[in-house]
Every structure is written in structure tokens, then in C-alpha cells.
Asker: 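Starting off with a structure, shown below.
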2 protein chains.
Amino acid sequence: MASVYTETPKAGITGSTDAAAAAAAAAAVPPVAVVTASERAYRQLRDEILDGVLAPGAGLLEVEQSDRIGVSRTPLRAAIARLIADGLVAGRAGRGFMVTEMSVDSIHELYELRRALEEHAARIAATRRDPLVFLELREQFRAAPELLLHGEAGLHRYYALIDDFDDALDAAVGNPFLVAALANVRTHLARIRRLARHNPARLRAAAAEHLLIIEAIVSGDTSLAAHATHVHLHQSLSNVLAALEANPAAPVD
Amino acid sequence: MASVYTETPKAGITGSTDAAAAAAAAAAVPPVAVVTASERAYRQLRDEILDGVLAPGAGLLEVEQSDRIGVSRTPLRAAIARLIADGLVAGRAGRGFMVTEMSVDSIHELYELRRALEEHAARIAATRRDPLVFLELREQFRAAPELLLHGEAGLHRYYALIDDFDDALDAAVGNPFLVAALANVRTHLARIRRLARHNPARLRAAAAEHLLIIEAIVSGDTSLAAHATHVHLHQSLSNVLAALEANPAAPVD
DNA sequence: TGAAGCTCCTATGTATACATAGAATTCAGG
DNA sequence: CCTGAATTCTATGTATACATAGGAGCTTCA
């Protein structure tokens, strides 16, 4: 698709860096910002579901949503079809569609799949990785705890760092099937993260866990990479469940 | 839905007879085959891709396909959207869509994901299985080599048996996320199986490998279940690659 | 003859009108 | 007052007409 940055009307804290990148991309790719209506509808609905703006169980009516987003029913239907494929929306028998629920059971199930995929991915990455990339990541994660002392901006950079790690893992794995499966898991994970965020102690511990995984990958220790990933996911799940226990109410504001 | 057989737009001379038949059918079986047009289009295209009737790399034009299948472009677009989500179809930049290719590399990649998922599933099944189900399956697989001596019909029953095994595995796992990921893998696998079928010796060996997995699951031996699955997948991949080596040409007639 | 530009054409993207099934509501009867 | 059935209403499923982008082919000029 043409432009990567057509949405996010309010982001852009990094300013000039992003602008420069966008400009370079635009120069390289003349067909600017021809994002289709269905793409816009898909991204907006997806973001809103992931952010909890559209709560689990919320009904999605075609006319209502198409009117709200400003596209006709046809592209909106395409968007909903994609969301159904993502598992974020489910069709109700006769009465429209709804945002899928995320029960505690389904969180367990999601993490079970996540374990299978990420442990395997970690093993593979430890074999096929580009050492330089992960050496750089190691430095970043060593400095990560520092980020957590700098408020909201630092938090954002921390999360961006985790995204970088995920990207590096995907690149090292180099397997489109596995990467796609991981992407699907991360989609659902994004809905869960909302519940458990803002826990500095946990984030510091998570950084240390990531660091161990990275060191295992750097040194090519497949077994340690897998086991460290297992431990990390165990701790992550525990944290999520504890957060849910403490705040059983629906996470939507 | 008006009629299930809308494809004859000019029929309708029989009038009352059809109406009576429709009424009788509706009375007898309320949930009558009200398969939507998009569902029909999806299934037909999917089957044709999996069977190789639509060869990898083949172009899919909306008008052409909608005309051929007998639905309008709208439901056909929905069908193609689902196929894209399945990874069976990819959009080409400006020139329509095409059936995705299956290179030797992508076969390796698919089996890498398959290993991750099925080994994990086997472990889980060995823990959560219903013993009776797998004891029954064990009997069936013990008798499986016999099936291979009875021509085409026996072959069909053999493949049906493997489907039963997959279903039992899914049921034992009881994890919608994992089951969905497995289903996706099996979809792509179906395209590969065409290449390597009709090899009685391999099928007999595969039955023995399945038997070992089942026995591990029955006895709750998680480690053996995973390792036996790994071995099975290794042999399966080897067989596929050997078949490809022997017949490098595209399998499509 | 080659290359560059233009035109046409094709195939997707979008909007809208219409058909239809299922749910909710309401009305009638007991 | 409750129950049942018919009706209305709503929301999806489908068809089709129109808009538009991108490429292929042709034409023209050097």
C-alpha cells in the first residue's frame, strides 16, 4: 500500500525523524496515500477494538459503522471480513456482528499458542540470527530500565523497543508462515496488554527476561533461548492474570 | 434466501410444482442448505485451489470467476477476501489476484510451523486426552495397513482415518487458537499432499508413526508424543521432498 | 528503427438499490 | 393476565452501475 503513515492523526512525537522517513519514502514511491476506503475502515475498527474503544461484546452494525467511519457499506463489509479472519469479530446468528470476548480461559489458550510459537521461534533465531542485530538489541535492553524512569515518553520508547525485538525475531526466523502466526498472536495480545500495563516492576523484570533471551540468541544457545522464552511467557501470563485478579471489572475505561 | 438454486435465472416455468417442493422441503428440514452465494464461491474456489485445478500462479479475475461460478462480483469478492486471509490467494499490484505459489522453500517453512504446532499439540493431547477416543483410534490404526490393500476405497478410508486422528487431536487440545492455527497449516498441507500421494510404502510407514504417537497419547507420555510427532513430520517432509525431486515439474495437469 | 508519450482498455474499488430472513413487537384470543 | 401467532422492522446478502488507477498497445517523432 502506498503510504504507511496515513493514519495516526495525533501521533508524531518523534517529529522530524518520522517526517524525514516519510519524505524519503514518498520520494521513492510516487503513488502517495491512495489508501482504499476498506483499508481505512479496517485500520480504524482494528485500532478501536485493540484499544478497547469498541468493547468486547459490542455489536457492530454495518450501516451504523459505515456511517460513522464515512465509507459505504461495501468497503466496510470487506473490513469486517478481515476482522473476522483476524478473530477480532464474530458473526452473530441473525443479529449482526460483535467484537469477540476475551475470557480468562481464552487468555490461557492464547498463551499456550504463544508458547508453542515463540519458543520455536527463539530456537530458530538462535540458529539463524544476524549477531550484529541482536548485539545492538542487547545494548538497548541493557539501557531499558533507565527508560522506565522517564515517564510516558520513556514508556513509549520501551514499548517501541519490544517491537524492535519482535521485528528482529521475525527477520531472524525468516519464515512467512511462522511470522504470520506470530503476528496473529500479537494482535490478540495487544488487547490483553491494556489490562496489565503501567506496572514498572513487571516491566523491569520483563526487560531482564528479554535480555536473557537476546543473550541466548546472540550466543547461539538454542536450548537456553527456548527455555528463557518459556520463563518469560510464564511470568508475563502470571502478571496478566494477577492484574485481572486485582481488577476483574471490564478493562474498558 | 430466495431459492437455493438461483443459478437458473430463466427457469420458473414449472411454477406450482417447484413451489410445492420448496414448501415441503422447508417443512421437513427447516435449516435447509441456505448456503450463501459467497460461501458457495469460497468453497468452490478453495477446493479448486487445493485440488490444483486452479494452478499456483493462476490469475483470478473477478468478472471471469463470478461469471463462471454463477454469482455476482460482490459475494465473489468476499470469497477472495477469505482466500487471501487463508493465504491461498495474493493480490497482485495492479493486475488482479493470483493463486499463491508453493515453492520448495515454502514447504520447508510450512513444515517448520507444523512442527512447532503439532509437537506442542501432541504434548497437550497426551495430558488432556480422553483415553477412550485414542484407544479406539489405536485399533483403527492397527488395522490401517490392511486398508491399503483394498484399492481406491481403502485409500479413502485411510485418509478419513487420518482426518479422524486430527479431529481427535483438536478435541483433546481444546484450544481454539491452537486449533485454528493447525487448521491453517492443514489447508496449505492439502496442496502439498497432492504431490506425494499414491505411495503405499510411505503410507504404511506413516500409519506406524501415527500408531506410536497415539500410544504415547494414550499412555500420557508427553515427551514421547512430542518426539514421535517430530519423527513423523521429519519422515513426512522427506517423503514430500523426495516426491518433488522425482517429479520436479508442476503437479498441475 | 527505436523510443517516448498518449490513449484506450481492463480490472478493481465504491456506492447504492433491492431482496430476504430472523427477531422483536404487538394484537387477539383464551 | 398470559400465550401464541402474525406482522413489522431491522440488518445482512446480493446485484449492478459507476469511478478510477494502472498497464498494454499504438502512434508519432527523432
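Note that the structure is predicted; figures quoted are calculated from it, not measured.
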Asker: Only counting residues at least two apart or in another chain, list the ones meeting side chain to side chain contact (heavy atoms under 4.5 Å, CB included) with A:E101.
Answerer: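 Per chain and number, A:E101 pairs via side chain to side chain contact (heavy atoms under 4.5 Å, CB included) with A:P56, A:M98.
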Asker: Hey, can you pull the residues of residues 65-73 of chain A with a non-hydrogen atom under 4.0 angstrom from DNA chain D?
Answerer: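 Going residue by residue through residues 65-73 of chain A, the ones with a heavy atom under 4.0 Å of DNA chain D turn out to be A:R73.
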Asker: Is the phosphate of C:dT16, meaning OP1 or OP2, less than 4.0 Å from a side-chain N or O of A:T74?
Answerer: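 No, outside the criterion.
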Asker: For the pair B:Y159 and B:D164, evaluate side-chain hydrogen bond (donor to acceptor under 3.5 Å, both in side chains) and give the outcome as yes or no after the intermediate values.
Answerer: CA-CA 9 Å; B:Y159 287 131; B:D164 290 345; over 6 Å; no
Asker: Within the distance-only criterion (no hydrogens, no angle test), does the side chain of B:H188 pair as donor or acceptor with the backbone N or O of B:L88 below 3.5 angstrom?
Answerer: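 Side chain of B:H188 to backbone of B:L88: no pair is present.
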Asker: Does the side chain of A:Q140 reach to within under 4.5 Å of the side chain of A:F165, using non-hydrogen atoms?
Answerer: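 Not in contact.
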Asker: Is there a donor-acceptor contact under 3.5 Å from the side chain of A:R46 to the main chain of A:L83?
Answerer: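 Such a contact is absent between A:R46 side chain and A:L83 backbone.
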Asker: Protein-nucleotides 7-10 of chain D N/O pairs closer than 3.5 Å?
Answerer:
none

Asker: Nearest-Å distance, CD (A:E62) to C1' (D:dT14)?
Answerer: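 These atoms are roughly 12 Å apart.
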Asker: Checking B:S66 side chain against B:L76 main chain: does a donor-acceptor pair fall under 3.5 Å?
Answerer: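 Here the side-chain-to-backbone pair does not exist.
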Asker: Is A:L244 close to A:I192 at the side-chain level, that is, under 4.5 Å between some pair of heavy atoms?
Answerer: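 Answer no - side chains too far apart.
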Asker: Please report the distance, rounded to the nearest Å, between CD in B:E64 and P in C:dA11.
Answerer: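 About 8 Å, once rounded to whole Å.
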Asker: Please enumerate all residues that pass side-chain hydrogen bond (donor to acceptor under 3.5 Å, both in side chains) together with B:N184, with sequence neighbours excluded.
Answerer: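 B:N184 satisfies side-chain hydrogen bond (donor to acceptor under 3.5 Å, both in side chains) with no other residue.
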Asker: Do A:L50 and A:T187 have side chains that get closer than 4.5 Å, going by heavy atoms?
Answerer: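 With C-beta onward as the side chain, the pair touches.
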Asker: Looking at residues 75-88 of chain B, who's got a heavy atom less than 4.0 Å off DNA chain C?
Answerer: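 Within this stretch, B:R77 sit under 4.0 Å of the strand.
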Asker: Using a strict threshold of under 4.0 Å (side-chain N to carboxylate O), is an ion pair present between A:D166 and A:R186?
Answerer: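 Answer for the salt bridge query: yes.
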Asker: Is A:R82 close enough and on-axis enough to A:Y42, meaning under 6.0 Å and within 45°, for cation-pi?
Answerer: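 The answer is yes, since A:R82 meets both limits relative to A:Y42.
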Asker: Extract the stems that DNA chain C is part of, considering only consecutive pairing runs of at least three Watson-Crick or G-U wobble pairs, both distances under 3.5 Å.
Answerer: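 Result, WC/G-U stems under 3.5 Å: C:1-30 with D:1-30.
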Asker: Spell out, as yes or no, whether a donor-acceptor pair under 3.5 Å connects the side chain of B:N175 to the backbone of A:E109.
Answerer: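 Judged by distance alone, yes, a pair lies under 3.5 Å.
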Asker: Would you say the side-chain atoms of A:D130 pair up with the backbone N or O of A:L132, donor to acceptor, closer than 3.5 Å?
Answerer: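 Checked: pair present.
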Asker: For the pair made of CZ in B:R40 and C1' in D:dG13, what is the distance, rounded to whole Å?
Answerer: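 Spelled out: CZ on B:R40 to C1' on D:dG13 is 12 Å.
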